[in-house]
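Below is one structure; the comments refer to it alone.
The sequence lines fix the lettering, A, B, ..., with proteins before strands; numbering per chain opens at 1. Keep in mind that the numbers below use all heavy atoms, side chains included, and drop hydrogens, waters and symmetry copies.
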Amino acid sequence: MNGKTTTFEWRVDHFDLDQIAESGQAFRWEWRGPENYAIPAGDRFCVAYMPEPDKLAVRCPENWATFWRYYFGLGDAYPEYWAAIDTWARRDGPAAYLSKAAATASGMAILHQPAWETMVSFMISQNNNIPRIKASLAAMCRRFGKQITTPTGEQYYTFPLADTLTDAADLSGLGLGYRDKYISGMAHAVATGILPVRTLEAMDYTRAKAVLKAVPGIGEKVANCILLYGMGHLEAFPVDTWIRRVLDREFSDGFPMERYSGFAGLVQQLIFYYERRK
DNA sequence: GTCCAGGCCCTCA
DNA sequence: TGAGGGCATGGA
């Protein structure tokens, strides 16, 4: 029903699976080797790897090519973004903080993850650390997702639908702590249509952020993560404890946001990756 | 034991 | 509008 499994190959530039995997935007990628991952997203799955530095290979059902191409942002305006970033890096010089971040994270990309999965993932992320976020989401998918075996024998769990997460009592044992009530509340709102995800996805950045921030458990930072990683708003600039430290330390006179108008979220991602790698 | 993690909510001034 | 405490949990 999903068609035959095929391996698609796409030519890529400024694209590195390992860097993306270590950038804290997706929590369910499973490492299989260098530049090689099993990747579930929503109810889908692929194996992605890089046979050459400028080639991305994706093994999935043949009618999912469009989904995964979009997921990896392959149709986005990265040539334009990187041209701007590189221009500023030359102007600033190699010792400038942003120049070093861009050089270190030169294969970074912002994924287009399913909106609902992103909403839950980043609600869990608040005041939490990445290993625990991953563990909670894995446990949640095992308990409430559907186990799928692909025609090639790969097994994965789908991301749970909203109507399976509406009872906070069911969520115990997932390591969610106080966040369980936030999750079940949001799941109830989505499942009953009070919070229509599709409508949210169609809104512009400002309006969508206002709606998201009205959800208990979603503040400025989590809203920006959802907008950036799950709703395609590359202008979103999430400020967490890591980014806060960099802004205070390196940009006490203000961050030059206007340079990166429309794709500041990508620059934020370069900083996050670079800072954590140091 | 204390501190921290891709923060948010509530209270109080 | 902003500062400060509380919040579940587990690893360092």
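Although no hydrogens or angles enter the test, the distance criterion places a donor-acceptor pair under 3.5 Å between the side chain of A/Thr118 and the main chain of A/Pro114. At distances below 3.5 Å, not a single donor-acceptor pair connects side-chain atoms of A/Arg11 with backbone N or O atoms of A/Lys55.
For A/Phe159 and A/Phe144, the distance between ring centers is not under 6.0 angstrom. Ring centroids of A/Phe27 and A/Phe122 are separated by less than 6.0 Å, placing the two rings close together.
Closest to the A/Tyr178 side chain, of the nucleotides B/dC9, C/dC7, B/dG6, is C/dC7. Among B/dG6, B/dA5, B/dG7, the nucleotide with an atom closest to any side-chain atom of A/Gln126 is B/dG7. Which of B/dG6, B/dC8, C/dA8 sits closest to the side chain of A/Val222 comes down to B/dC8. Checked against C/dA8, B/dG6, B/dC9, the side chain of A/Lys181 finds its nearest nucleotide in C/dA8.
Residue A/Phe272 and nucleotide B/dG6 are classified as a stacked aromatic pair, their ring centres being separated by less than 5.5 Å at an interplanar angle below 30°.
Contact between the side-chain N/O atoms of A/Arg132 and the OP1/OP2 oxygens of C/dA12 is not found at any separation under 4.0 Å. Contact between the side-chain N/O atoms of A/Thr241 and the OP1/OP2 oxygens of B/dG7 is found at a separation under 4.0 Å.
For a distance-only test at 3.5 Å, the side chain of A/Glu275 fails to qualify as a donor-acceptor partner of the base of B/dG6.
B/dC8 and C/dG11 are spaced 24 Å apart, taking the P atom of each and rounding to whole Å. Taking atom P in both B/dG6 and C/dG5, the straight-line distance is 23 Å, to the nearest Å. Comparing B/dC9 with C/dG10, their C1' atoms are spaced 23 Å from each other, to the whole Å.
Between A/Tyr260 and A/Phe255, the ring-plane angle classifies as tilted under the 30° and 60° cut-offs.
Residues A/Tyr229 and A/Gln269 have side chains that bring a donor and an acceptor to within less than 3.5 angstrom of each other.
Note: A/Trp64 CH2 to A/Thr6 OG1 = 12.0 Å, rounded to the nearest 0.5 Å.
Of all the residues in residues 14-21 of chain A, not one reaches under 4.0 Å from DNA chain C with any non-hydrogen atom.
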